[in-house]
Amino acid sequence: MNGVRDIPADQLSELEAIAELAALAEQITSHDSAYHQEDAPVISDAAYDELRNRNLAIEAAFPHLIRADSPSNRVGAAATASFSKVSHVKPMLSLGNVFSEEEVVDFVEGVRRFLKELKDDPGIPLEMVAEPKIDGLSLSLRYEKGRLVTAATRGDGTVGENVTANVRTFREFPFILSGEVPDVLEVRGEVYLTKQDFQVLNARQMEAGGKVFANPRNAAAGSLRQLDTSITATRPLKMFAYAWGDVSEPIADSQWDFLQRLKGWGFDVNPLTRLCTSLSSLMDVYRDVGGQRAALNYDIDGMVYKVNRFDWQDRLGFLSRAPRWAIAHKFPAEKAQTVLNDIDIQVGRTGTLTPVAKLVPVTVGGVVVSNATLHNEDEIARKDIRIGDTVVIQRAGDVIPQVLENVRDKRPQNAVPFVMPENCPVCGSAAVRNEGEAARRCTGGLVCAAQTIERLKHFVSRGALDIEGLGEKHIIMFWEDGLLKTPADIFRLHHHLEKIQEREGWGEKSAQNLTTAIDQRRAVSLERFIYALGIRQVGQATGRLLAKQYGTYAAWREAMIAAEDLASAAYAELTGIDGIGTGVADDLTSFFAWPDNLEVLDDLAGELDITSFEAEVDTASSVAGRTIVFTGTLDSVTRGEAKAKAESLGAKVAGSVSKKTDYVVAGANAGSKAKKARELGVTILSEPDWLALIDY
Ligand code: IVH
């Protein structure tokens, strides 16, 4: 008897699903360890499969409830926590995504506008390398004196997992590089399984009653991140190399030349890679490779365009976590038809009511989809979507699937139009639509259980405070017990140890472990803290931009309050941050304008040690920590490049002159800002003075 319940997975309530997923995760983990580590299984293989299948069925019905520690994401007892960690000397960053030709045009124009010589002379060609975007997982290989010494996964981009022993099982792989090789060379690429090897692996797994993988990418990840390297050795993993990390000497002048060197060292470089000199040739390659996609023996999900010249890449640099010199142009999303059974309302952490389509489960691009977003009531009306309709759904990458349209001639007579509720389905408060907004929002604020729980869930999630052991199930439980209302309460849970211990499934040790895990997160970086607050539109990248601009919690708080006045210098500074527009600025200032939020914020800040932003910059530079204002037209570089350069040297670039400004760099035709600088006695630098100061 393994306790699998007989209520069909899609008929569970959300709370039941949460509870059952948690129980299954625990049961499966304990059976895995009995089987793999103690060699002493306590249930039959069939009973074990039943548990795993039940887990999969609930996950398919409630994809948004899939746990971070879901047993479906791991094979056997391979606890990934046991890999040692590797810090990447050069971070492994991600890429911005675009979906349309217009966005590619914007990207290319953005590059041309950033580099002065290209801006001034449209005749200078901008060479780009177009490479297929391989749908696998990235790997960084460190060679010292031509020998492979470490292989690491991307992890969070800064710290990855040490998978050297696994990579050593790869076949026909350049473990030793010959010819001219820098003393230190990090080669990066994408590990993948061919479609054929994936089919063979799944057939084998099915026969052996093991885990069946959803797609080649998951199979590649599961195969590489194996603690038992003898398992990895049976999986024919391959890698396409496309980038470099830490190197002891320059390796090439351009991406194209670098790729030729990689081939010379024995790495696989994707054969569909092309050097392009015009936008139309980029588009030709996109269409050509897109047309071959289905016939290729490996999965790709788009093209990556990279500025070819390394000196230009260097000058373009990065904007938060993605390079300005490269972009991913994704292929169109995969679509499928299915029946819309019902429409549920989900209440998000900012109170937005989102209609969610409950679908007859359907496979889209290898993943079973049973929920999809309908965005908002206007979209439902515009698309005329009714309950009972056959609808087209679309899934693009890891984005939440969405309902695109109805299939009119399949509409049954009894299809029911949808009416958006005017009250929050969770707390009953009025749900209102502000003028100019598409979303209806619950006005319950802190009273609304859904908002409170979603906010707390976000607060403890991986990119935010990352509190281990405090999952959704616990949050709901502590909330029901009245122990948890605001994030600050998390840090006061240790006052309630006795009450927690009394709860079913808890003991002295587990309660103690939880409060220890919480205590370990009292020191938090400003960027994580800002992200954790869950302010609308303020994601990790924006959190980082804000932390970088304001440095300390106190300065950020003060500036956000001051920025409520749209005519203030603070508002100008906020909207002057590259990557922050007026929409985000307005969400930030409205968050601070609400007294309840300030109270919650201050309470929380009192429990935490919010560490100031540490710029990854050359602190020895002459302008580190200085505030600079650029004005007028610069001769040698564009304003964008000047600003990016100053920031990479640790300076802050402001949009307006104040007493806090250290330098005003005045180009040709500098106007009122130079005048103000003179009035305030701020040092004014000419462009050559500035270039000399930063040693450019
Ligand atoms: S370049 C700084 N080139 O896509 C940019 N990435 O969405 C470094 N990927 O993390 C990445 N094929 O895992 C690059 N030809 C290619 C790629 C590629 C696949 C993956 C890679 C990266 C992710 C970003």
Side-chain angles (χ1 to χ4, degrees), residues 88-99 103-104 107 111 128-141 151-161 163 167 186-194 215-218 220-221 224-225 237-247 251-252 254-256 258-260 262-263 267-276 282 285-286 289-290 293 296 298-310 312-331 333 396-399 540-541 616 648:
H88 300 299
V89 178
K90 287 258 161 66
M92 290 182 80
L93 300 162
S94 54
L95 291 168
N97 287 329
V98 296
F99 290 87
E103 291 171 298
V104 177
F107 165 73
V111 169
M128 305 274 267
V129 175
E131 302 169 7
K133 186 167 189 300
I134 315 298
D135 198 6
L137 72 153
S138 46
L139 185 67
S140 188
L141 302 159
T153 61
R154 178 171 184 271
D156 64 3
T158 311
V159 178
E161 287 169 337
V163 289
V167 170
E186 276 181 15
V187 172
R188 291 172 176 179
E190 200 81 356
V191 173
Y192 68 98
L193 268 181
T194 65
N215 51 45
R217 173 163 49 97
N218 287 1
L224 182 66
R225 296 165 71 231
L237 292 167
K238 296 191 166 59
M239 186 185 97
F240 281 123
Y242 52 65
W244 46 277
D246 190 22
V247 281
I251 34 173
S254 68
Q255 175 70 2
W256 187 256
F258 166 63
L259 293 176
Q260 311 317 311
L262 284 175
K263 282 194 230 172
F267 291 97
D268 284 345
V269 169
N270 190 284
L272 301 171
T273 303
R274 297 282 177 269
L275 181 62
C276 300
L282 284 180
V285 181
Y286 177 79
V289 177
R293 185 181 181 193
L296 293 176
Y298 46 85
D299 276 343
I300 59 175
D301 56 355
M303 295 297 291
V304 183
Y305 306 138
K306 300 175 179 174
V307 169
N308 189 34
R309 278 175 59 162
F310 282 162
W312 284 354
Q313 285 191 6
D314 242 16
R315 283 170 53 191
L316 285 154
F318 295 83
L319 180 58
S320 64
R321 311 298 288 166
R324 283 200 194 82
W325 47 264
I327 197 92
H329 186 189
K330 300 299 246 346
F331 290 131
D398 291 333
V399 188
Q540 279 170 294
E616 294 148 18
S648 75

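Indexing begins at 1, ligand by ligand and atom by atom, following the structure's order. The model shown is predicted, which means the values in this text are computed figures rather than measured ones.
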Mind listing the closest non-hydrogen atom pair of Thr153 and Leu139 along with its distance?
N-CD1, 4.3 Å

For atom 8 (C) of ligand 1, the protein heavy atom that lies nearest, with its residue and separation:
Leu93 O, 4.2 Å

Assign the ring pair His329 / Tyr286 to parallel, tilted or perpendicular, where the plane angle (0 to 90°) is split at 30° and 60°.
parallel

If you measure from atom 14 (C) of ligand 1 to every heavy atom of Trp325, Trp244, Tyr242, which option wins on shortest distance?
Tyr242

Between Leu95 and ligand 1, which residue portion shows a heavy-atom distance shorter than 4.0 Å: side chain, backbone, both, or neither?
both

Rounded at 0.5 Å granularity, tell me how far CG in Leu272 sits from CZ in Phe240.
8.0 Å

Hey, does the side chain of Asn308 reach the backbone of Val129 with a donor-acceptor pair shorter than 3.5 angstrom?
no

Among Glu190, Lys90, Met92, Arg188, whose heavy atom sits nearest atom 20 (C) of ligand 1?
Glu190

For ligand 1, which part of Lys306 has a heavy atom less than 4.0 Å away: the side chain, the backbone, both, or neither?
side chain

Test: Lys90 and Glu186 ion pair at under 4.0 Å
no

Can you sort out which atoms of ligand 1 are near Pro132, meaning under 4.0 Å from one of its heavy atoms?
12 (N), 15 (N)

Does any N/O atom on Ile134 come nearer than 3.5 Å to any N/O atom on ligand 1?
yes

I'd like to know if the side chain of Gln313 reaches the main chain of Trp325, judged simply by a donor and an acceptor atom lying under 3.5 Å from each other, with no hydrogens or angles considered.
no

Ligand 1 N/O within reach of Lys133 N/O, cut-off under 3.5 Å:
yes

In ligand 1, the atoms that come under 4.0 Å of a heavy atom of Pro323 are 2 (C)

Here the pair of heavy atoms bringing Asp268 nearest to Met239 is CB-O, 3.4 Å

Atoms in ligand 1 flagged as close to Glu131, the criterion being non-hydrogen separation under 4.0 Å
3 (N), 15 (N), 16 (C)

